[in-house]
Amino acid sequence: MIYLDNAATTPVRPEVFEEMKPYFTEHFGNASSIYSIAKDSKKAMDKARKQVADAIGAKPEEIFFTGCGSESDNWALKGTADALSKKGKHIITTKIEHHAILHTAEFLEKHGFEVTYLDVDKYGFINIEELKKAIRDDTILISVMFANNEIGTIEPIAEIGKIAHERGILFHTDAVQAMGHVKIDVNKMNIDMLSISGHKLGAQKGIGVLYKRNGIKISQLIHGGAQEQQQRAGTENIPAIVGLGKAAELAVKEMDETNARITKLRDKLINGLLEKIPYCSLNGHPSKRLPGNVNMSFDFIEGESMLLMLDMKGICASSGSACTSSSLDPSHVLLAIGLPHEKAHGSLRFTIGRENTEEDIDYVIETLPPIVEKLRAMSPLYEDFLKKNKQ
Amino acid sequence: MIYLDNAATTPVRPEVFEEMKPYFTEHFGNASSIYSIAKDSKKAMDKARKQVADAIGAKPEEIFFTGCGSESDNWALKGTADALSKKGKHIITTKIEHHAILHTAEFLEKHGFEVTYLDVDKYGFINIEELKKAIRDDTILISVMFANNEIGTIEPIAEIGKIAHERGILFHTDAVQAMGHVKIDVNKMNIDMLSISGHKLGAQKGIGVLYKRNGIKISQLIHGGAQEQQQRAGTENIPAIVGLGKAAELAVKEMDETNARITKLRDKLINGLLEKIPYCSLNGHPSKRLPGNVNMSFDFIEGESMLLMLDMKGICASSGSACTSSSLDPSHVLLAIGLPHEKAHGSLRFTIGRENTEEDIDYVIETLPPIVEKLRAMSPLYEDFLKKNKQ
Amino acid sequence: MEYSDKVMDHFTNPRNTGEIPDADGTGTVGNVKCGDIMKMDLKIENDIIKDAKFKTFGCGAAVATSSMATELIKGKNVDEAMDITNKAVMEALDGLPPIKVHCSCLAEEAIHAALWDYSQKTGRKIKGLKKPVNDIEELHLDD
Amino acid sequence: MEYSDKVMDHFTNPRNTGEIPDADGTGTVGNVKCGDIMKMDLKIENDIIKDAKFKTFGCGAAVATSSMATELIKGKNVDEAMDITNKAVMEALDGLPPIKVHCSCLAEEAIHAALWDYSQKTGRKIKGLKKPVNDIEELHLDD
Ligand SMILES: Cc1ncc(COP(=O)(O)O)c(C=O)c1O
Ligand SMILES: Cc1ncc(COP(=O)(O)O)c(C=O)c1O
């Protein structure tokens with residue numbers, strides 16, 4: 001089994017799970033209680049908060065644990081909208097955000113907010129001049145993702161942050177895919193809010209973080225108890241929090257080494273496939289992309305078919321085809337970078353993780369070409385193409 | 001260490017943790033993916049969904065996993081308010097709800113909704129006639145908790161549900177404390193929505209459920225991916241979900257036996273303390289209360305002081321004193337049942353769980369009286385009381 | 001995605017892929033926007049469908065429904081071919097996940113398109129057959 | 001709740017609990033709504049605080065601050081007693097959690113209330129001392 005879908009989710013790292021274990025059945029105290037066994041929970045949580053804060057150059061009190069990356073995104077957008085609606089009702093984001101941002105923005109549009117969705121170029125980059133032009137007097141928030149989950153493109157976050165701050169506008173970034181893979185410094189990059197999800201970096205699913213700069217007041221999304229400085233209710237998920245702290249620490253400590261290794265694998269995979277398979281192309285930027293991200297389009301054939309055949313050969317990947325979504329449209333990201341529908345439907349994403357080896361990559365380079373060939377042999381699009389080429 | 005704070009949180013049951021374990025590092029697939037390893041996740045989740053559904057007499061597709069009990073409460077209230085605001089803007093709840101309901105209701109009040117907070121009697125019961133009177137033409141939701149987290153009072157849920165349905169009003173109940181301890185049947189009880197939290201019944205913290213009857217449409221709280229029938233975004237927390245399924249199944253299977261045992265311990269503790277300690281009284285109803293809940297007021301002394309001294313003797317409990325809340329008010333529940341402030345401040349809650357034994361109870365009955373005595377000896381209220389009694 | 005064993009079988013070993021150079025009826029349906037295109041060729045002799053071949057651009061279900069449709073249609077006469085509805089194809093495949101049902105509709109449409117072509121060329125009227133709305137003369141790819 | 005070792009020590013073994021029957025100054029502050037009441041008795045001879053005793057209804061911090069306040073005040077003369085501010089009590093206890101700071105204020109108020117009572121009875125003016133707003137003649141319990 002070769003797992004190449006690390007952008008979808010990662011296994012909990014064994015070191016991380018080891019740290020988590022005692023907090024399920026043993027040190028299970030509710031962190032808000034006053035008796036001494038609860039102090040274990042409290043201390044473990046404080047440590048994790050610091051680990052996460054250190055990983056992004058923040059202060060511990062700026063780290064708010066949430067129930068997932070989607071919640072963090074929802075909170076940042078809805079919380080800002082609710083808190084600042086008197087100041088303005090305009091929000092700027094991009095066409096390539098994760099649905100946790102896009103669908104939240106659409107929800108806000110139904111509630112009287114105006115949202116500008118910035119275009120991106122063929123690599124997936126937003127245009128800084130367009131961003132500047134989009135800013136209005138009533139713009140209250142700019143939300144641009146740190147790195148795209150499909151094509152891995154890393155946006156010019158520091159630059160965007162600078163512009164937002166020059167104009168006195170809050171800046172949020174969905175760093176769910178970037179966290180642990182790209183260096184993040186919330187101060188140098190002028191980031192006011194930042195979303196993290198544990199399961200993308202070797203921690204548990206169902207744990208997220210919203211970093212929120214000191215002094216920024218947004219409305220609560222989950223009301224209730226006094227947890228998380230009375231800003232996010234719900235009994236704290238200590239084991240998951242402990243795990244996320246550890247995972248964040250490890251990721252940052254190992255980043256240079258891991259990235260060097262994974263980037264090599266990535267480029268090997270990209271080049272190997274480009275070489276072996278005709279009529280295929282890389283989506284996203286060749287170098288300004290996440291270390292582990294490979295996204296390619298294979299002309300004349302469809303993504304799910306490739307995935308199924310890869311799965312039969314023991315390879316897990318994902319695609320931008322519409323196969324599992326109930327809209328039949330392919331990935332909005334691939335369309336936004338200008339791919340025609342059939343190329344978007346014919347895309348595959350391989351996301352390389354810590355555990356992948358060079359042998360894995362060799363195996364994919366060897367396994368995919370005959371699959372592509374087989375599917376093309378039964379594709380009416382390929383037949384058509386060949387006929388036209390003959391003429 | 002005698003843990004008597006099971007209403008605050010419970011340890012993950014060893015059987016439950018065993019079920020969860022494979023889903024951290026091994027079967028970690030994202031349930032939305034198409035390759036075969038993801039099917040393990042999907043199957044495990046389907047099983048858990050059915051286990052939870054069976055436990056409350058619901059259908060699997062009516063079970064929506066959330067990030068915690070608070071999120072479920074927030075979703076039920078805000079989602080209904082947003083979806084039905086055209087129909088009406090009036091909501092009925094009670095004065096003794098958990099803050100996850102109360103603070104959410106207050107948030108809605110700030111957004112143009114009107115909320116009626118029903119009074120309760122000295123036992124904590126709402127008055128059915130008052131409920132009927134409170135219903136208006138624009139009432140869109142009644143939310144009454146199944147069982148109270150502080151005093152354990154079990155509300156007449158089936159009766160409330162009947163009234164709500166006769167009037168065509170949605171009925172939500174916060175069953176976070178009831179789940180696994182009281183028999184629940186969403187159909188017989190006319191419940192439209194019901195909140196559950198995993199960590200109150202031996203599953204992990206940070207996992208919750210909103211049961212939502214088929215056909216009921218409320219707005220989403222967490223927008224994003226297509227998870228949970230496109231109604232609650234966020235990559236599914238498989239290990240926690242698997243654990244909650246198992247915990248729900250076990251709780252229901254063992255309910256009669258466990259309740260019989262725990263109820264005996266509860267009554268023993270209540271009677272033992274009433275007998276041994278003068279000037280103390282039970283809060284809540286003597287029998288219509290959660291099997292494990294003991295809540296008592298000890299005159300002339302304050303709760304936190306008792307807790308600290310109990311902790312030194314290895315007993316974990318909690319109190320309705322204001323000591324850990326930043327408002328200095330004591331428990332809103334104890335005030336709502338008519339306790340004067342000093343009695344509310346002087347309350348202790350012991351919540352008995354599966355692991356407690358008769359020895360635990362004996363030990364508390366033996367340990368608490370001298371603590372009460374010691375604290376009374378330095379209480380100006382007690383001094384005053386004694387002086388007045390002499391006169 | 002929960003495909004039945006039958007679907008997986010027909011996806012992995014699709015029957016009747018390819019073209020019939022001298023086909024008596026040919027139809028192509030679907031569109032690239034939705035990610036499914038099916039082309040079906042029929043060889044018809046004495047009103048009997050002697051051979052059927054397909055080419056499909058699309059997901060696993062699209063391939064499997066095309067494959068099954070060609071299997072079901074072979075040996076039928078032209079009128080009987082109208083019985084091969086999307087429901088029949090789905091049943092023969094032991095069902096499809098809900099969001100894949102449209103693939104079986106596409107297979108039905110492909111049959112109809114090929115029969116329509118045959119009917120146009122030969123004048124053979126086929127009861128219940130209407131001009132398929134989805135037939136595409138040329139593959140309109142986005143550029 | 002993170003109490004310092006000093007706080008826990010003074011809570012577990014509170015110094016000077018009890019009453020002084022022939023106290024020269026007595027003050028009671030706080031209110032039952034907030035869950036803290038402190039009563040302080042002072043024995044004052046030749047302007048020197050010879051003895052101090054307290055009774056407290058309240059949390060761990062309330063007990064510890066009362067205990068520390070009585071320790072700090074003993075042996076001081078009446079003017080020096082004014083130096084025992086909430087800050088001094090807190091420092092002597094190695095700090096208090098933020099939401100417990102009000103307990104140290106109560107301790108200061110209790111001292112002031114007892115001194116005010118002494119000042120009223122004896123006519124001894126004490127520099128900086130004002131009539132404490134919080135002094136309660138009788139314990140107003142809710143009924
Ligand atoms: C009655 C009640 N509702 C809601 C909650 C909130 O649950 P959670 O901590 O999982 O958010 C709790 C417990 O904290 C509770 O007792
Ligand atoms: C960019 C991005 N944002 C948000 C999310 C949502 O995270 P979660 O699944 O933890 O809610 C994901 C992953 O699913 C993502 O890739």
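A note on names: the letters A, B, ... follow the listed sequences, proteins ahead of strands, and every chain is numbered from 1. Note that these values count all heavy atoms, side chains included, but never hydrogens, waters or copies made by symmetry.
- Of the listed residues B/E236, B/E97, B/R13, the one with more heavy-atom pairs under 4.5 angstrom with chain A than any other is B/E236.
- Here OG1 of A/T104 is found 8.5 Å from CD of B/Q220. Values are rounded to the nearest 0.5 Å.
- When the candidates A/N74, A/T66, A/L221 are compared by the number of heavy-atom contacts under 4.5 Å with chain B, A/N74 comes out ahead.
- Within the 4.5 angstrom heavy-atom criterion, no atom of B/A226 approaches chain A.
- Scanning residues 202-210 of chain B against chain A with a 4.5 Å non-hydrogen threshold yields B/Q204, B/K205, B/G206, sorted by number.
- Counting heavy-atom pairs under 4.5 Å between each of B/T10, B/T235, B/D73 and chain A puts B/T235 at the top.
- With sequence neighbours excluded, the residues that form a side chain to side chain contact (heavy atoms under 4.5 Å, CB included) with A/D40 are A/H27.
- Checking side-chain atoms of A/N30 against main-chain N and O of B/T9 turns up no donor-acceptor pair under 3.5 Å.
- A/F24 has its ring centre less than 6.0 Å from the ring centre of B/F24.
- Contact count against chain A (heavy-atom pairs under 4.5 Å) is highest for B/A317 among B/A317, B/G225, B/G314, B/A38.
- Among B/I37, B/I241, B/V16, B/I101, the residue making the largest number of heavy-atom pairs under 4.5 Å with chain A is B/I37.
- The residue among B/G67, B/P14, B/S70 with the most heavy atom pairs within less than 4.5 Å of chain A is B/S70.
- In this pair, B/F28 and A/Y3 present their aromatic rings perpendicular. The plane angle is above 60°, beyond the 30 to 60° band.
- Across B/D5, B/L310, B/I315, B/L77, the residue that shares the most heavy-atom pairs under 4.5 angstrom with chain A is B/D5.
- Of the atoms belonging to B/L102, not a single heavy atom falls under 4.5 Å from chain A.
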